[in-house]
Amino acid sequence: TKTRDMFAGVLDLFRLRGKVDRKFLEELERRLYLADVGGTATTAIVDRVRQAFQDKEIDGNVETFVRQQLRELLTDPSEGIRYAESGPTVVMIAGVNGAGKTTSIAKLVNRLQKDGKKVLIAACDTFRAAAVEQLTVWAERLGAEIVKNPTASDAASVAHDACEKARAKEFDVVIVDTAGRLHTQVNLMRELEKIHRVVGKVIPNAPHEILLVLDATTGQNAITQAEMFCKSVKCTGIILTKLDGTAKGGAIFAIKQKLGLPVKYIGVGEKIDDLELFDPESFVQALFE
Amino acid sequence: MFDSIQRGLSDALKKLRGRGRLTADNIREGLREVRRALLEADVNFTVVTKFIQRVEERSVGQDVLARVDPSEQIVKIVFDELVALMGPVDPKISFAKDRPTILMMCGLQGAGKTTTTGKLGLTLQSQGRRPLLVAADLQRPAAVDQLKIIGQQLGLPVYSEMTDPVQVCRNAVTFAKQNNLDTIILDTAGRLQIDAALMEELQQIDRLVKPDQLFLVVDAMIGQEAANVAKTFNDTLSLNAVILTKLDGDARGGAALSIKEVTGVPIKFVGMGEKLDKLEPFEPEGMASRILGQGDLMGLVRKV
Ligand SMILES: Nc1nc2c(ncn2[C@@H]2O[C@H](COP(=O)(O)OP(=O)(O)OP(=O)(O)O)[C@@H](O)[C@H]2O)c(=O)[nH]1
Ligand SMILES: Nc1nc2c(ncn2[C@@H]2O[C@H](COP(=O)(O)OP(=O)(O)OP(=O)(O)O)[C@@H](O)[C@H]2O)c(=O)[nH]1
Ligand SMILES: [Mg+2]
Ligand SMILES: [Mg+2]
């Protein structure tokens with residue numbers, strides 16, 4: 001049920017006839033910008049293509065080269081969650097408002113359960129209206145246990161209780177949902193650091209994964225988000241959501257360049273099966289579609 | 001960023017102070033900086049290209065003013081064009097006289113529709129209206145609870161039933177009439193603009209309930225997609241206005257420009273926080289400064 005979007009991808013660019021000239025390079029630039037790849041990465045790619053192919057015929061080699069350049073700017077295929085050597089693995093989820101944190105948790109729980117893991121969910125968004133109810137609905141659908149405290153206003157205390165429970169009851173994984181917060185909100189970023197600290201006190205080396213949830217529809221602000229969240233709590237990877245739309249999520253190129261932060265999962269819909277391991281090849285392929 | 005625009009403009013124009021004319025040549029460097037600033041602010045690429053052309057057309061041939069730096073003269077032209085493009089704005093909502101006025105919120109997932117439904121409810125309540133919030137999102141887990149809690153916080157009634165969105169909206173109108181409520185705000189589920197079935201659902205509500213105002217809610221952090229999203233929603237529904245949310249962050253908000261340029265639909269309000277009193281009228285001047293990057297743009301504009 002998808003209709004064609006307004007702008008074409010990069011692919012038909014290589015069907016053009018003629019030489020790699022200024023017009024071709026401008027068109028390549030335009031299409032990379034439209035995929036939210038942003039100034040720095042776009043300039044780098046266009047320059048490399050210019051140096052390698054200026055005035056040569058447009059053919060399959062140019063396409064292969066561009067794909068390769070884009071591919072090199074990304075990380076290796078994702079292997080998903082890295083588990084703790086012993087005891088529960090704690091996965092903390094963070095990101096700005098409405099990025100898709102809670103839904104991604106539901107999808108992640110589903111994946112991990114399918115891998116045979118016993119998963120506990122910690123409902124640490126004590127702020128947004130019905131955030132706990134939302135996560136509870138998901139937990140029920142998944143048959144997963146959830147730790148919540150509807151009257152608590154302190155997110156860290158819920159995280160603490162969840163970790164205690166996970167240790168006592170031998171859960172394999174604890175996934176901590178957090179409230180959405182803009183990276184510019186100093187107090188809320190401190191709260192995130194507090195959750196991080198508290199979790200680490202209950203379970204050694206926790207949290208083992210801190211996944212930043214980014215909405216693929218976001219433009220260049222995604223880079224600042226990644227920078228600021230990484231500064232506050234050392235993120236280990238990205239979940240890039242809403243890739244089922246026409247947005248391409250090109251900001252991850254700059255994020256990889258600047259921070260080295262890899263994408264671990266992508267969200268491709270609102271259902272629990274709509275979470276996939278990040279694969280750079282198919283990501284680049286999708287840029288071309 | 002703003003500084004670098006000025007620097008870029010200054011280098012090429014320094015020699016001109018107080019004499020000569022702006023030409024395509026002497027403004028090229030500066031316009032390149034303006035272009036970069038707009039792209040970095042996530043203004044749609046196609047929109048940027050057109051915009052720069054327009055600024056160039058307006059600038060070339062102008063006499064260099066005696067009292068200001070020529071670079072400031074161009075920044076002023078850019079600023080004026082931005083303001084003209086994003087304005088004019090009318091933050092008022094017009095109401096029907098003999099029946100409830102219906103407002104409908106729509107947009108992508110997570111844009112801020114439900115929160116904004118509450119915010120609008122509060123704003124209208126404080127203007128003496130009697131709003132009804134309607135939970136027409138039966139899709140997202142606990143979406144109805146979310147709106148009910150918001151209603152409770154504001155002391156506003158919330159209509160909900162577990163049927164289907166079209167039914168909910170129709171029955172809400174009857175409910176409003178019976179309970180003497182004069183403004184109905186429909187909160188719909190988030191959807192992708194390419195989801196034909198869900199877009200059709202919105203059209204169906206539009207046909208059957210005939211909202212007076214259709215609002216597209218857009219996250220200010222959105223990138224190049226803004227143009228696609230706004231265009232498709234507008235083509236499908238004929239929007240009345242756009243509400244830009246999450247402007248309390250540091251997103252430059254280039255979407256404001258893209259959306260207005262591509263659809264002609266004005267931006268009426270901006271969301272400035274998660275709290276329900278954080279809704280403000282849209283101001284093109286402030287937005288223009290923001291898109292170009294900070295700096296004392298207003299001071300400069302007054303001077304020129
Ligand atoms: N199309 C699509 N929608 C998604 C995806 N992931 C999440 N969503 C939707 O995005 C909206 C917001 O998702 P949430 O999971 O509530 O986001 P959140 O980050 O937890 O939001 P806050 O807790 O309010 O900050 C919901 O309507 C989800 O169904 C995705 O991969 N694709
Ligand atoms: N900082 C900030 N957060 C906002 C603003 N408006 C909404 N939010 C937050 O954004 C997130 C998503 O808001 P919702 O109102 O649930 O968005 P929605 O469009 O109804 O989401 P779906 O129904 O899932 O499509 C929540 O965490 C809100 O608190 C705003 O102006 N500023
Ligand atoms: Mg959430
Ligand atoms: Mg909603």
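To find a chain, count down the sequence lines: A is the first, B the second, and so on, and within it residues start at 1.
- Looking only at side-chain heavy atoms (C-beta outward), B:Thr46 and A:Arg30 come within less than 4.5 Å of each other.
- Atoms NZ and CD, on B:Lys148 and A:Glu133 in that order, are 10.5 Å from each other to the nearest 0.5 Å.
- Only the side chain of A:Thr224 comes within less than 4.5 Å of a heavy atom of chain B; its backbone N, CA, C and O stay farther away.
- Of the listed residues (A:Thr103, A:Asn97, A:Leu182), the greatest number of heavy-atom pairs within a distance under 4.5 Å of chain B belongs to A:Asn97.
- Between A:Gln134 and B:Gln146 there is no side-chain heavy-atom pair separated by less than 4.5 Å.
- For A:Glu270, the part sitting under 4.5 Å from any heavy atom of chain B is the side chain, from C-beta outward, and nothing else.
- Residue B:Ala142 comes nearest to A:Ala130 through the heavy atom pair O-CB, 3.8 Å, listed as atom of the first residue, atom of the second, then distance.
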Side-chain donor-acceptor contacts of residues 256-263 of chain B below 3.5 Å, not counting sequence neighbours, with atom names and distances?
{"from": "B:Ser258", "atom 1": "OG", "to": "B:Asn44", "atom 2": "N", "distance (Å)": "2.9"}
{"from": "B:Ser258", "atom 1": "OG", "to": "B:Gly254", "atom 2": "O", "distance (Å)": "3.3"}
{"from": "B:Lys260", "atom 1": "NZ", "to": "B:Leu85", "atom 2": "O", "distance (Å)": "3.1"}
{"from": "B:Lys260", "atom 1": "NZ", "to": "B:Gly87", "atom 2": "O", "distance (Å)": "2.8"}
{"from": "B:Glu261", "atom 1": "OE1", "to": "B:Arg54", "atom 2": "NH2", "distance (Å)": "3.2"}
{"from": "B:Thr263", "atom 1": "OG1", "to": "B:Ile259", "atom 2": "O", "distance (Å)": "2.6"}
{"from": "B:Thr263", "atom 1": "OG1", "to": "B:Val265", "atom 2": "N", "distance (Å)": "3.0"}

Report, one line per pair, each donor and acceptor closer than 3.5 Å where one atom sits in a side chain of residues 33-45 of chain A; sequence neighbours left out.
{"from": "A:Asp36", "atom 1": "OD1", "to": "B:Gln224", "atom 2": "N", "distance (Å)": "2.8"}
{"from": "A:Thr42", "atom 1": "OG1", "to": "A:Gly38", "atom 2": "O", "distance (Å)": "2.6"}
{"from": "A:Thr43", "atom 1": "OG1", "to": "A:Gly39", "atom 2": "O", "distance (Å)": "2.6"}

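- There is no contact between B:Arg191 and chain A, counting heavy-atom distances below 4.5 Å.
- Here B:Leu192 contributes atom CG and A:Thr217 contributes atom OG1; the two are 7.5 Å apart, rounded to the nearest 0.5 Å.
- Between the side chains of A:Thr246 and B:Gln193, a donor-acceptor pair is found at a separation under 3.5 Å.
- Remark: A:Thr184 OG1 to B:Asp250 CG distance equals 5.5 Å, nearest 0.5 Å.
- Atom-to-atom distance recorded for B:Leu39:CG and A:Glu29:CD is 7.5 Å, nearest 0.5 angstrom.
- Heavy atoms closer than 4.5 Å to chain B are found nowhere in A:Val132, neither backbone nor side chain.
- We find the CG-CG distance between B:Asp195 and A:Asp244 to be 9.0 Å, quoted to the nearest 0.5 Å.
- Heavy-atom pairs under 4.5 Å with chain B peak, among A:Gly100, A:Ala247, A:Ala131, A:Ala99, at A:Ala247.
- Looking at B:Glu274, the atoms closer than 4.5 Å to chain A (heavy atoms on both sides) all sit in the side chain, from C-beta outward.
- In this structure, no portion of B:Leu147 lies under 4.5 Å from any heavy atom of chain A.
- Of all residues spanning residues 137-146 of chain A, those with a heavy atom less than 4.5 Å away from chain B's heavy atoms are A:Val137, A:Trp138, A:Arg141, arranged by number.
- Identified by a heavy-atom distance below 4.5 Å to chain A, contributing residues of residues 156-166 of chain B are lacking entirely.
- Contact tally against chain A (heavy-atom pairs below 4.5 Å) for B:Ile149, B:Leu108, B:Asp42, B:Thr49: the top residue is B:Asp42.
- Summarising the geometry, atom OG1 belonging to A:Thr102 is positioned 7.0 Å from atom CZ belonging to B:Arg140; distances are rounded to the nearest 0.5 Å.
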